> 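This is the structure I want to talk about, given as structure tokens.
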Amino acid sequence: MSSEKQILSTCIYCGCGCGFYFKVKDGRINGVVPSKNHPINKGSLCIKGWNASEFVHHPDRLTEPLIKENGKFRKASWKEALSLTVKKLKEHKEKSGPDSLAFFASAKCSNEENYLFMKLARAVFKTNNVDHCARL
Amino acid sequence: MAGLAATLGSGAMTNSVGEFEDCEVFLVTGSNTTEQHPLIGSRIINAVKNKGATLILVDPRKIQLSKHAKYHLSPRCGTDVAWLNGMMNVIIKEGIEDKEFIQNFTEGYEELKKAVEKYTPEYVEKITGIPAGQLAEAARAFARSKKSSILYCMGITQHTTGVDNVKSCANLAMLTGNIGKPSTGVNPLRGQNNVQGACDMGGLPNVYCGYQKVTDPKAKEKFENAWNVTGLPDNVGVTVTAVPNLAAEGKIKALYVLGENPMVSDPNIEHVRKGLESLDFLVVQDIFLTETAQLADVVLPGASYAEKDGTFTNTERRVQRIRKAVAPPGEAKQDWEIIAEISKLCGYDMSYKSAEEIFDELAFVTPSYHGMDYSRLDKDFGLHWPCPTKDHPGTPYLHKDGKFARGKGLFTGIDFKEAAELPDDEYPFTLTTGRTYFHYHTRTLTKRSSALEREVPECYVELNPEDAKKHLIRSGQNVKVTSRRGSLDAKAIVTDIVKTGTIFIPFHFAEQAVNNLTIDALDPVAKIPEYKVCAVKIGGGN
């Protein structure tokens with residue numbers, strides 16, 4: 001048994017961006033503690049914030065790549081899933097042009113991930129068909 | 001955001017959350033703040049209760065904030081330009097506009113003055129149902145304080161007139177000089193934790209990171225050099241809401257979705273399904289098998305926010321760290337690693353060692369993030385953009401001293417237009433959609449949190465007691481709601497939160513998805529769907 005660690009992070013739910021600590025022990029998160037000095041939440045959290053860690057260890061989490069065959073998903077290796085993805089994206093880019101592809105970025109992912117994703121769409125696949133759910 | 005960018009030069013909250021504590025007047029409209037942004041909602045209530053601030057709430061529903069509002073104006077859904085013009089009509093007629101501010105820092109005032117002339121409180125009452133006297137009083141209260149702040153959310157933007165509504169809010173702020181100073185401003189509360197960041201990072205069809213336009217040859221050259229590529233595209237791409245149509249027409253063949261769920265969040269879901277099904281290839285990268293992922297050809301397991309290092313940018317432009325607390329489950333990978341591997345397989349090397357290295361690159365090419373790095377963000381609780389240099393302290397409020405990002409603030413004269421689909425004899429009710437305190441967006445995360453799911457496990461329909469009586473519907477009974485596009489069965493909640501003729505349904509529930517009913521009519525500029533108004537009928541449910 002290791003001792004509990006507290007790791008500062010930012011809530012995943014709304015745009016307030018409240019600060020809290022994950023309570024981490026033995027590779028698992030056992031809830032959150034609000035940051036007292038955080039300028040937005042000052043030691044408080046809403047009901048979603050208090051419950052913002054339970055889904056992390058949920059049994060429904062995707063743990064391996066999936067490929068659909070005959071209408072059903074089967075497990076796949078990373079190599080297989082990524083090669084199929086790249087083959088298909090390249091094929092359509094070459095056959096029907098870059099704008100036959102579209103990329104949906106994510107308001108739940110980090111800045112780093114969104115930056116890299118739009119870089120992939122623009123620099124590699126040469127399309128500006130990049131958008132996300134900002135309007136929804 | 002298009003509306004604010006056009007009038008002020010920057011599409012983001014002009015002021016910061018901490019400043020709300022010192023506001024004297026709040027105008028909150030189209031934001032159910034205590035449920036959707038609870039920690040901002042509690043600040044408003046504190047300012048009202050403990051500091052004597054005045055709350056003007058303009059919302060068709062009797063939401064929690066209405067208990068704290070000095071003025072609760074309840075307009076007919078989709079009439080926002082009319083009441084905003086009405087307030088400005090009163091302010092100009094009574095001479096309580098900020099003449100000095102208008103003179104020094106704005107342009108287009110004569111056009112505005114002319115446009116709002118006919119919107120007398122009496123005329124506005126006919127359109128909106130807001131009593132003329134109440135509208136005039138609220139307008140005076142807003143104009144007389146120099147610490148008046150406008151807060152809005154999707155209730156303003158999710159209309160075919162969304163951009164008009166936003167521009168009208170900006171008109172009102174400029175007319176009264178309530179912008180470019182602490183505790184004032186035009187403040188769109190951003191919904192998702194990192195929707196501001198996804199926009200800042202160029203997750204949009206018309207701009208690179210930092211809102212550098214893809215159509216600008218200089219920006220194109222800058223990114224070609226930074227990324228060491230040639231031939232970056234300079235045509236504006238398509239929006240999320242256009243993709244289903246283009247897919248159905250065979251113009252879009254393949255789609256890569258990173259952590260989004262359009263099968264619940266988009267209007268007219270059946271139409272979205274048909275679009276996605278006609279794609280030749282759909283790849284979805286997510287942490288759960290969402291309704292959208294179920295339609296995919298390939299599903300890539302990513303990491304949750306607790307399993308990664310990185311940054312989110314909140315609604316007030318504060319860039320903050322997230323930190324890896326645990327490892328992703330099974331073979332799931334860091335999302336940036338998956339993207340980099342795909343790039344490498346395409347022959348373009350993206351070799352990063354860490355999220356921090358990516359941040360350094362994005363800060364280098366994004367002027368408003370230029371002065372930021374992880375060590376600076378770690379020190380306090382992040383920094384507000386713009387933060388152009390390493391010694392810049394960040395910018396809690398924009399347009400200081402009337403210096404707008406576009407030069408002068410631009411007034412726009414705007415006429416009221418009706419929503420795309422109004423109630424009629426066949427579909428006599430107005431349906432408006434929204435969210436609840438206990439769930440988030442498409443519920444992918446919150447339905448997997450036992451406490452949240454226990455409180456609101458299923459969809460519901462809010463119905464006014466008079467309408468319920470007329471249709472012989474009791475609270476708890478199933479009711480069928482039908483639009484021209486689809487229908488749903490859900491439990492009725494009979495309540496005066498909604499007024500007669502209006503129905504409210506939250507959109508979180510894939511099983512009873514209200515977006516089967518909503519209309520896919522879009523704002524012509526922002527391409528945002530009109531989730532807040534469509535026509536429906538009701539009947540006894542199954």
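Chain letters run A, B, ... following the sequence lines, proteins first, then strands; residues in each count from 1. FYI, side chains are in, hydrogens and waters are out, and symmetry mates aren't considered; it's all heavy atoms of this structure. Remember, it's a predicted structure, so these values are computed and weren't measured experimentally.
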> Please classify the contact of B:E356 with chain A as side chain, backbone, both or neither, using a heavy-atom distance under 4.5 Å.
neither

> Shorter than 4.5 Å, heavy atoms on both sides: which option in B:E316, B:Q285, B:K324, B:E307 has the most such pairs with chain A?
B:E307

> Would you mind checking which part of B:V238 comes under 4.5 Å of any heavy atom in chain A, side chain (CB onward), backbone (N, CA, C, O), both or neither?
both

> Tell me, please, whether B:F507 has B:R435 positioned over its six-membered ring: NZ or CZ under 6.0 Å from the ring centre and within 45 degrees of its axis?
no

> For the pair B:T366 (side chain) and B:A363 (backbone), establish whether a donor and an acceptor sit closer than 3.5 Å, ignoring hydrogens and angles.
no

> May I ask you to decide whether B:E224 forms a salt bridge with A:R122, counting only side-chain N to carboxylate O separations under 4.0 Å?
no

> Does any backbone or side-chain atom of B:Y369 lie under 4.5 Å from a heavy atom of chain A? Answer side chain, backbone, both or neither.
side chain

> Quick check: A:H38 with B:F381 (ring centres under 6.0 Å apart)?
yes

> What part of B:N228 gets within 4.5 angstrom of chain A, counting heavy atoms only: side chain, backbone, both, or neither?
neither

> For B:N206, which atoms come within 4.5 Å of any heavy atom of chain A: side chain, backbone, both, or neither?
backbone

> Between A:E91 and B:K253, is there a salt bridge with N-O shorter than 4.0 Å?
no

> Under 4.5 Å from any heavy atom of chain A, what part of B:A247 do you find: side chain, backbone, both or neither?
neither

> With a 4.5 angstrom heavy-atom cut-off, is it the side chain or the backbone of B:Y348 that approaches chain A, or both, or neither?
side chain

> Looking only at heavy atoms and a cut-off of under 4.5 Å, which of A:A107, A:C11, A:A81 has the most pairs with chain B?
A:A107

> So which residue, B:L289, B:V319, B:V17, ends up with the most heavy-atom pairs under 4.5 Å with chain A?
B:L289

> Of the listed residues (B:D380, B:N194, B:T315), which shares the most heavy-atom pairs with chain A below a 4.5 Å separation?
B:N194

> Do you know which of B:A327, B:A242, B:S16, B:P38 has the most heavy-atom pairs under 4.5 Å to chain A?
B:P38

> Out of A:E112, A:K126, A:K68, A:E69, return the one with the most heavy atom pairs under 4.5 angstrom to chain B.
A:E112

> Taking side chain as everything from C-beta outward and backbone as N, CA, C, O, which of these in B:K447 sits under 4.5 Å from a heavy atom of chain A? Side chain, backbone, both or neither.
neither

> Between B:Y256 and A:F125, is the gap from one ring center to the other below 6.0 Å?
no

> If I measure from the heavy atoms of chain A, does B:V195 come under 4.5 Å with its side chain, its backbone, both, or neither?
both

> I'd like to verify something: which residue of B:P329, B:A303, B:G18, B:G259 has the highest number of heavy-atom pairs under 4.5 Å with chain A?
B:P329

> Let me know if B:R321 has heavy atoms under 4.5 Å from chain A in its side chain, its backbone, both or neither.
backbone

> Is there a side-chain hydrogen bond (donor to acceptor under 3.5 Å, both in side chains) between A:D131 and B:T239 once you walk through the steps?
CA-CA 6 Å; A:D131 197 14; B:T239 60; 4.6 Å; no

> Will you find, in the side chains of B:E361 and B:Y352, an N or O donor that is under 3.5 Å from an N or O acceptor?
yes

> Are A:Y115 and A:F117 an aromatic pair by the rule of ring centers under 6.0 Å?
no

> Does any heavy atom of chain A fall under 4.5 Å from the side chain of B:V257, the backbone, both, or neither of them?
both

> Does any backbone or side-chain atom of B:V207 lie under 4.5 Å from a heavy atom of chain A? Answer side chain, backbone, both or neither.
backbone

> Mind ranking B:I287, B:L345, B:T313, B:D335 by heavy-atom pairs under 4.5 Å with chain A and telling me who comes out on top?
B:I287

> Taking NZ, NE, NH1 and NH2 as the nitrogens, is one of them in A:K108 or B:D286 under 4.0 Å from a carboxylate oxygen of the other?
no

> Is it the backbone or the side chain of B:Y437 that comes under 4.5 Å from a heavy atom of chain A, or both, or neither?
both

> Counting only heavy atoms closer than 4.5 Å, note whether B:K251 contacts chain A via side chain, backbone, both or neither.
backbone

> Decide if atom NZ of B:K333 counts as having more than 12 heavy atoms of other residues, nucleotides or ligands within a radius under 6.0 Å.
yes

> Taking atom types as modelled, is there a side-chain donor on B:T446 or B:E453 under 3.5 Å from an acceptor on the other?
no

